[in-house]
Engineer: 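Take a look at the following structure, please.
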Amino acid sequence: MLRKKMMWAMAVLTVAVAAQAQTVDELIAKNLAARGGKEKILAIQSAKLTGKMSVGPGVDAPFTMEWRRPSSVRLEFTVQGMTGVQAYDGTTGWMLMPSPGKSDPETMADEDLKDVAETADFDGPLVDYRSKGHSVELIGKEAVAGADAYKLKLTKKGGEVSYVFLDAESSLEVKTSGSRALHGEEHEFETSSSDYKEVSGILFPFTQEMKAQGAPAGQVMTIETIDLNTDEPADRFKMPEKKPAEPAKPPVR
């Protein structure tokens, strides 16, 4: 009798897990369909985005973001007349931060490299999440900006956990939340996505706001244009060689 009860309990558990997995996959399938379809998303080989992002009270920085499959990304922005670059070529992450007298690129710290490598996944972590080594679990529903959203727990290949919120009506992603390492300490952040517009049959959020969880406001990134399949050259993403030091000038006699 005990064995039968255990077998029955295991069967119920198996059915429950399978049902949840099916529900998660259905939600993700609806999300991809709402965005324009997986086939169209995977057909994008490169992209170029332009816009502006807030970098301080009343200060906006124009930016250009370039992306190239399989996992290259380059963000270039201008602040007070100086240009900064953050880029990743699929292996090496590097940056050139705007500051007077500084013109050589530097390799990224590990915590920055992790963020830029995730940004290089242009499709998003839900697309083919199993083949990427991720797992997704349905937590339930939660209100986001006054509307119901499905809350998905995303456990990435490396073990990092974040949460993706899909609007219950549109199936579009409206928020993500998780932790990021800043100066060696973990901080909770959330990113809201809105103002979806269609580009070549695919919906993209043209406004994103990243802020500390619970904070009233944060950094806003506003996209103005998106061009797809722009054939970005591979060398755009590679770290430039440092300029050789100029030979010392002989002393003036």
Engineer: Can you see whether Q208 engages S193 through a side-chain donor-acceptor pair at a distance of less than 3.5 angstrom?
Structural biologist: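 Looking only at side-chain atoms, S193 and Q208 do form a donor-acceptor pair, the distance falling under 3.5 Å.
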
Engineer: With sequence neighbours left out, write down each residue that passes side chain to side chain contact (heavy atoms under 4.5 Å, CB included) with P70, or none if nothing qualifies.
Structural biologist: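 Here no residue qualifies.
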
Engineer: Looking only at the side chains, is there a donor atom on one of T50 and T225 sitting less than 3.5 Å from an acceptor on the other?
Structural biologist: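 Side chains of T50 and T225: pair found under 3.5 Å.
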
Engineer: Start with the C-alpha gap between K30 and L166, add the side-chain angles, then the distance that decides, and say whether side chain to side chain contact (heavy atoms under 4.5 Å, CB included) holds.
Structural biologist: CA-CA 10 Å; K30 288 181 179 179; L166 303 180; over 6 Å; no

Engineer: Please enumerate all residues that pass salt bridge (charged side-chain N to carboxylate O under 4.0 Å, His left out) together with E106, with sequence neighbours excluded.
Structural biologist: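 Partners of E106 by the salt bridge (charged side-chain N to carboxylate O under 4.0 Å, His left out) criterion, ordered by chain and then number, come out as K102.
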
Engineer: Write out all pairs satisfying salt bridge (charged side-chain N to carboxylate O under 4.0 Å, His left out) with one or both partners inside residues 77-88, taking only residues at least two apart or from two chains.
Structural biologist: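 Listed by first then second residue: nothing to list.
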
Engineer: Using side chain to side chain contact (heavy atoms under 4.5 Å, CB included), reason through I226 and F206 one step at a time and then give a plain yes or no.
Structural biologist: CA-CA 9 Å; I226 298 179; F206 273 60; 3.8 Å; yes

Engineer: Going by side-chain hydrogen bond (donor to acceptor under 3.5 Å, both in side chains), name the residues that satisfy it together with E173, two or more places apart in sequence or in a different chain.
Structural biologist: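 Residues passing side-chain hydrogen bond (donor to acceptor under 3.5 Å, both in side chains) with E173: none at all.
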
Engineer: What residues form a side-chain hydrogen bond (donor to acceptor under 3.5 Å, both in side chains) with D60, not counting sequence neighbours?
Structural biologist: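 Per chain and number, D60 pairs via side-chain hydrogen bond (donor to acceptor under 3.5 Å, both in side chains) with no residue.
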
Engineer: Tell me, please, which residues at least two apart from E232 pass side-chain hydrogen bond (donor to acceptor under 3.5 Å, both in side chains).
Structural biologist: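 If we apply the side-chain hydrogen bond (donor to acceptor under 3.5 Å, both in side chains) test to E232, skipping adjacent residues, the hits are T230.
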
Engineer: Which residues end up grouped with L172 if you chain together Ile, Leu, Val, Met, Phe, Trp and Tyr wherever their side-chain heavy atoms are less than 4.5 Å apart?
Structural biologist: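 Members besides L172, by chain and number: Y196, L203.
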
Engineer: Report the residues that fulfil side chain to side chain contact (heavy atoms under 4.5 Å, CB included) with T91, sequence neighbours left out, ordered by chain and then residue number.
Structural biologist: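 For T91 the side chain to side chain contact (heavy atoms under 4.5 Å, CB included) partners, ignoring immediate neighbours, are D89.
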
Engineer: How does the hydrophobic cluster around L96 look, that is, which other residues are in it when side-chain heavy atoms under 4.5 Å mark a link?
Structural biologist: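 Its cluster partners, ordered by chain and number, are V85, W94, M239.
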
Engineer: Should the pair R74-E76 be classified as a salt bridge under the 4.0 Å nitrogen-to-oxygen rule?
Structural biologist: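 Salt bridge present between R74 and E76.
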
Engineer: Roughly how far, to the nearest 0.5 Å, is the CZ atom of F237 from the CH2 atom of W67?
Structural biologist: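 Between atom CH2 of W67 and atom CZ of F237 there are 9.5 Å.
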
Engineer: Between I223 and I202, is there a shared hydrophobic cluster once you connect ILVMFWY residues whose side-chain heavy atoms come closer than 4.5 Å?
Structural biologist: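 Same hydrophobic cluster.
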
Engineer: List the residues meeting side chain to side chain contact (heavy atoms under 4.5 Å, CB included) with M95, not counting sequence neighbours, and say none if there are none.
Structural biologist: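 Applying side chain to side chain contact (heavy atoms under 4.5 Å, CB included) to M95 gives Q86, M97, M108, D112.
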
Engineer: Would you say the side-chain atoms of S177 pair up with the backbone N or O of E190, donor to acceptor, closer than 3.5 Å?
Structural biologist: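 Absent.
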
Engineer: Would R35 and V127 count as a side chain to side chain contact (heavy atoms under 4.5 Å, CB included) here? Give the steps.
Structural biologist: CA-CA 11 Å; R35 290 170 59 186; V127 177; 3.9 Å; yes

Engineer: Can you list, pair by pair, the side-chain donor-acceptor contacts under 3.5 Å of residues 140-161, counting residues two or more places apart and other chains?
Structural biologist:
unit_1: K156; atom_1: NZ; unit_2: E118; atom_2: OE1; d: 3.2
unit_1: K156; atom_1: NZ; unit_2: E118; atom_2: OE2; d: 3.1

Engineer: Is D123 salt-bridged to R69, going by a charged N under 4.0 Å from an acidic O?
Structural biologist: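 Answer for the salt bridge query: yes.
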
Engineer: Just verifying a value: how many Å separate K52 NZ and T78 OG1, rounded to the nearest 0.5 Å?
Structural biologist: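 It comes to 14.5 Å.
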
Engineer: Of all residues at least two apart in sequence or in a different chain, which pass the side-chain hydrogen bond (donor to acceptor under 3.5 Å, both in side chains) check with D167?
Structural biologist: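 D167 satisfies side-chain hydrogen bond (donor to acceptor under 3.5 Å, both in side chains) with S170 once adjacent residues are dropped.
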
Engineer: Mind checking the CG-CE spacing from L49 to M221? Nearest 0.5 Å is all I need.
Structural biologist: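 L49 CG to M221 CE: 9.0 Å, rounded to 0.5 Å.
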
Engineer: At what distance, to the nearest 0.5 angstrom, does OG1 of T83 lie from CZ of F77?
Structural biologist: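 Rounded to the nearest 0.5 Å, the OG1-CZ separation comes out at 9.0 Å.
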
